Protein chains: 2
Amino acid sequence: MYRNPVDDYHFLFTEVLGQDVVAEATGGEVSADDIRDVLTSAGEFAVEVLHPLNAIGDREGSKLVDGAVQTPSGYQKAYRGYVEGGWTTITIPEAIGGDGVPWTVHNALSELWSAANAAFSLCTGLSVGAVLAIHASADQQVRDTYLPPMVAGEWTGTMNLTEPQAGTDLSSIRTIARPNGDGTWSVEGQKIFITWGDHDLTENIVHLVLARTPDAPAGLGGLSLFVVPKFLPDAAGKPGARNAITTVSLEHKLGIHSSPTCVLQYEGATGHLIGELHGGLAAMFVMMNASRTGIGLQGLGVADRAYQQARDYADERVQGRVIGRPEGTPISGHPDVARLLLSMSSRVSAIRALSVQLSYWLDVAERKGDAEAATLAEFMVPIFKGWATEESVRIASDGVQVHGGLGFIEETGAAQHLRDARIFPIYEGTTAIQSNDLVGRKVLRNKGETAQQLAALIERDLAPLRDSDHPVAVRTVERMDRALRTAQTATGQLMSHAVRDDLRSAFAVSVPYLELLGILSGGWMHARMLTAALGHAELDDADRRRIDEADFFGAHHLAVVHSLAESIEYGEIG
Amino acid sequence: MYRNPVDDYHFLFTEVLGQDVVAEATGGEVSADDIRDVLTSAGEFAVEVLHPLNAIGDREGSKLVDGAVQTPSGYQKAYRGYVEGGWTTITIPEAIGGDGVPWTVHNALSELWSAANAAFSLCTGLSVGAVLAIHASADQQVRDTYLPPMVAGEWTGTMNLTEPQAGTDLSSIRTIARPNGDGTWSVEGQKIFITWGDHDLTENIVHLVLARTPDAPAGLGGLSLFVVPKFLPDAAGKPGARNAITTVSLEHKLGIHSSPTCVLQYEGATGHLIGELHGGLAAMFVMMNASRTGIGLQGLGVADRAYQQARDYADERVQGRVIGRPEGTPISGHPDVARLLLSMSSRVSAIRALSVQLSYWLDVAERKGDAEAATLAEFMVPIFKGWATEESVRIASDGVQVHGGLGFIEETGAAQHLRDARIFPIYEGTTAIQSNDLVGRKVLRNKGETAQQLAALIERDLAPLRDSDHPVAVRTVERMDRALRTAQTATGQLMSHAVRDDLRSAFAVSVPYLELLGILSGGWMHARMLTAALGHAELDDADRRRIDEADFFGAHHLAVVHSLAESIEYGEIG
């Protein structure tokens, strides 16, 4: 049974990152206490409705039948429940008819949906992204036509970027949009890997399609963004004539089976330009930070669920005599199983705290125009996406290991988490794409200034721990001091590769550098959670868990920054 | 297309580990040159017959139809070809009618079969294990009845240990064998996870079943081993009456789909005791070293195939402008893809060399009675099994990453390697079981003496590199010296946990300790391969690759020993 981490969120919102980061973001309109209720109720929907469909969706998968996608049993009902519960609108800005909760809350909800059913959550998550892009770039008529039904969850939205020859490199997109002369455009081409590109959950689907226009300049600067609906809205705004879009096939994937991954053929489909002509990339990238953060949260959700399932199994299963423990102690008492479980939970807690930190920066930047927070958020997005998703694969794999032979049997469910998680470090930009963004745009371009800012924040947050004589506090300070020095050396090495005009070396170690900063940030989060936990007059079970997690993270995960720094020093090899 | 690493084996056999380790083991009867031909011909069978069935076997799986297992299309023909090619008999000792090749050759062949089709190779590999166990423990009549058809590949053999309540802990086995009064026994109980427990490749299947006899003492000391055939041999030694064994169901697994994992119900099946009454564990464990090493080789085989597939794809696929390289350079030129590929191949090469080192020790111990080699082999078996299999999962996962989005599509084949590999760190003893064996029986029991012996060997093999002024030699010596010091500190820490009566702490860090020694041994192998490569008057492409791999392994993988040592220092947390 999946348990909602609402108490951890409350702790993070009210004790770790501030007195009430939700109230701070909303100018007091909404408090962390209000949000505890919201998360509790979301958790109920997640546990009762979405969670049981996760294995069913994996087994049945979405299917293409007579050109239309059929979702697994129960998905239509679950989607209706999701809409009726108000979960579609809660995260959409008030200006477009939503409840406009801050990112701290938005992202906490994303974790819940992903943990319960990552494949389902892709549909609703991408749809919110499409709403934001249309809102930001489309003209009033398009906004008036498309946004109300999308916000209401009656229609969903998708992103159409990839083509067979244009994956990571969008500059080679060939799909073409020709003007019809009446203000509309005629779109022709094939798009692949279109997540939830067709389905039976809603009466219409709105595609955002990146395409080239006739006589457009070559490369990325020649791309424009179009809104192309499955059914053309009629005069009343209802789905009318079928647009010329065919679902050619679905991919047979390792995981997230219930998420239909479509090959879509546009055969002169009618669409509207949104944003500037040749400004497609900018219009699409409006939601890049949100979507990359969203995939990091998928990693977090699936990792926590994999952890919870492994812990539940290990707390039940009795096998072998547990050293130093009474007869009948379950396998969670075996030293190595305990190590694996604490390793998993210490990373899950670090990633969750980091997601709240990132969300907090996004809120302060957006709502208060705080430029420093904006810079830090931009810096952290690729780190969070890259590190959280790489860890999600490792954590899900650890979850299989805890189950032993049973973990390899599909009915157990542990293997599904590994299969599902494996896409997270790939889509919305592979880890290398994240690390190149980090190194190229966010470290080298400003000579490591933001990295220095981050180090200063960490330094500041270590100060209260220095006063504690708790042994874990003492160890944590010592470990973090060392990790900080190592990180600064690594940043220096990275920049020195670039200065020596050896850009290939800088990019050859960009992933190790991203991992290093991810782990360092995780250590920072544990230091802050530890400070909060040790501040309690009496330690409860949650506090004791947090102390153990901080200690474990320091001894096992933070220690890895030093070996990563050694790899970074050497740059490119071969 | 899978390429046979025969040249790497020749290099290892003749330049890295000795002048001709095959001739040394066989007293000159067989040379490394002879074996180059054998491996070449095995590679042809692997590539042409077994390799194409790997994806088919994954897709179709083995199925239970009317109580009998049906293997995928083409498996029967492939098995006949395997038998006719003499691959069943080549690895079986001459005393039992085989060709009796040494372990160096046996294990090289195992790599080939596993790379081509890991699920298929389980059938033939387990059968050899059963032959060895029967040969070692059964009486003459049982040997005469069962061994000839098994050696000829007309019958296969299986191992029956696990029961629902008895996985890692065999002491809770409940299957019972009662004497029939005529020298035979009647076996009753349920066995699960029986690999190739039923199939249609041969006319008979011989199960080795661990069971309890009436009035046997509780625990492991009450187990006896029985040979229980699917069909009872008639007077002519041909399969006669059907024995009372039912295939209840097959498991639905994450990977190795064509290997039928059976639930077998013994309902008064007739069997023969082999080995001593209550000596079942000893009789079964005759082949433990071989079977654990065999699973390590499965890891190696699948890892190399995942690497080769990723490299082939990356050398073909053109996507995005490659920094510092001409237009049209494929993605293998991107710094991060190059990093991933070199990371994979540097580990594959280290693991392969280590498998030859281990095989060499097994040969010298068995054939020359060398006690030191026997001790070193005993020490290395759990390290090799644990490290090679954990790496195989990580390498297969890297292979998916190199493919980007395509890696997540099943038809690409990269995901199958990850799914297949995921069982390797679990079966034949999880990594924790290996590390507990290592720490408990092989480090603490002799106060780290064997670990010291290993360090002395590594030290000895670094000497020739110290004379080289090649920059990679200089770096490798510096890195290995540091790694050796760290490893010695870690062994000391581990022993000091135990001395302080904190056995839980020793076992809580046994997996990190196993990984540390695995990586250190990999670095040792690279140092030796580097020495051999640098010894060539002119460096060819293979030499340059080996130099790069040694350098990469040192900068990226060997560096990890220091962080592992930090984890080991702290012992148990929580």
Side-chain angles (χ1 to χ4, degrees), chain A residues 162 167-169 193 251-255 319-320 323-324 334-339 342 393 397 400-401 404-405 407-411 415 418-419 422-423 425-427 430-432 435-436 503-505 507-512 548 551-552 555-556 559-560 562-563 566-567 569-570 572-574, chain B residues 162 167-169 193 251-255 319-320 323-324 334-339 342 393 397 400-401 404-405 407-411 415 418-419 422-423 425-427 430-432 435-436 503-505 507-512 548 551-552 555-556 559-560 562-563 566-567 569-570 572-574:
Chain A
T162 308
T168 292
D169 179 15
F193 291 166
E251 303 295 350
H252 173 218
K253 306 189 301 297
L254 175 62
Q319 184 73 186
I323 187 169
H334 282 302
D336 186 70
V337 176
R339 175 189 67 87
L342 196 49
V393 176
S397 188
V400 171
Q401 191 72 15
F408 201 62
I409 307 301
E410 285 290 2
E411 284 75 5
L418 175 58
R419 290 189 288 98
R422 193 60 196 80
I423 191 61
I426 295 176
Y427 62 17
T430 61
T431 307
S435 67
N436 288 350
L503 272 179
R504 284 188 60 89
S505 266
F507 289 109
V509 294
S510 62
V511 168
D548 286 344
D551 201 18
F552 190 97
H556 287 255
V560 175
H562 307 291
S563 52
E566 193 168 334
S567 309
E569 181 186 344
Y570 288 98
E572 187 178 31
I573 291 171
Chain B
T162 309
T168 292
D169 179 16
F193 291 168
E251 303 295 349
H252 174 218
K253 307 189 300 298
L254 175 61
Q319 184 73 187
I323 187 169
H334 282 302
D336 186 69
V337 177
R339 174 189 68 86
L342 197 49
V393 176
S397 188
V400 172
Q401 190 72 16
F408 201 62
I409 308 300
E410 286 289 2
E411 283 75 6
L418 175 59
R419 289 189 289 96
R422 193 59 196 81
I423 191 61
I426 294 175
Y427 61 16
T430 63
T431 308
S435 68
N436 289 351
L503 271 180
R504 285 189 59 89
S505 267
F507 289 109
V509 294
S510 62
V511 169
D548 286 344
D551 201 19
F552 189 96
H556 288 255
V560 174
H562 307 291
S563 51
E566 192 167 334
S567 309
E569 181 186 345
Y570 287 98
E572 187 178 32
I573 291 170

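Each chain gets a letter, A, B and so on, in the order its sequence line appears, and its residues count up from 1. As the structure is a prediction and not an experimental result, all values here were calculated from the model.
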Checklist line | Heavy-atom pair with the smallest gap, counting every atom of Ser397(A) and Val393(B) | finding: OG-CG1, 4.0 Å
Margin query: Given heavy-atom pairs under 4.5 angstrom as the criterion, report whether the side chain, backbone, both or neither of Tyr570(B) touches chain A.
Written below: side chain
Check: Ser435(A) versus chain B, heavy atoms under 4.5 Å apart: side chain, backbone, both or neither?
Finding: neither
Check: Do you know the tightest heavy-atom contact between Ala559(B) and Ser563(A)?
Finding: O-CB, 3.0 Å
Next item on the list: Heavy-atom distances under 4.5 Å only: say whether Ile409(B) touches chain A with side chain, backbone, both or neither.
Entry: both
Item checked: Close side-chain approach of His556(A) and Ser567(B), heavy atoms under 4.5 Å -> yes
Notebook entry, point to check: Do you know which of Ile423(B), Leu503(B), Thr431(B) has the most heavy-atom pairs with chain A at a distance under 4.5 angstrom?
Noted result: Ile423(B)
Margin query: Side chains of Phe507(A) and Asp336(B), heavy atoms from C-beta outward: is any pair under 4.5 Å?
Written below: no
Note to self: If you count heavy-atom pairs within less than 4.5 Å of chain A, which of Gly324(B), Ala508(B), Gly404(B) leads?
What the structure shows: Ala508(B)
Note to self: Measuring from atom CD of Glu251(B) to atom CD of Glu410(A), what distance do you get when rounded to the nearest 0.5 angstrom?
What the structure shows: 11.5 Å
Notebook entry, point to check: Would you say the side-chain atoms of Arg504(B) pair up with the backbone N or O of Ile323(A), donor to acceptor, closer than 3.5 Å?
Noted result: yes
Margin query: Please classify the contact of Val337(B) with chain A as side chain, backbone, both or neither, using a heavy-atom distance under 4.5 Å.
Written below: neither
Item checked: chain B interface, residue from Ala338(A), Gly407(A), Pro425(A), Ser510(A) that has the most non-hydrogen pairs under 4.5 Å -> Pro425(A)
Check: What's the shortest heavy-atom distance between Leu254(B) and Arg419(A), and which atoms?
Finding: CD1-CD, 3.4 Å
Checklist line | Under 4.5 Å from a heavy atom of chain A, the part of Thr162(B) involved | finding: neither
Checklist line | Phe193(B) portion near chain A, given a 4.5 angstrom heavy-atom threshold | finding: side chain
Checklist line | Value rounded to 0.5 Å, distance of CD in Gln319(A) from OG1 in Thr168(B) | finding: 6.0 Å
Note to self: Is there a side-chain contact between Arg339(A) and Glu572(B) in this structure, where contact means two heavy atoms from C-beta onward sitting under 4.5 Å apart?
What the structure shows: no
Note to self: What I'd like to find out is whether the side chain of Glu411(A) reaches to under 4.5 Å of the side chain of His252(B), using heavy atoms alone.
What the structure shows: yes
Item checked: From CA spacing to verdict: side chain to side chain contact (heavy atoms under 4.5 Å, CB included), Arg422(A), Gln401(B) -> CA-CA 9 Å; Arg422(A) 193 60 196 80; Gln401(B) 190 72 16; 3.1 Å; yes
Note to self: Please report the interatomic distance CG(Leu342(A)) to CD1(Ile573(B)), rounded to the nearest 0.5 Å.
What the structure shows: 7.0 Å
Item checked: Side chain / backbone / both / neither for Ser505(A) at chain B, heavy atoms under 4.5 Å -> neither
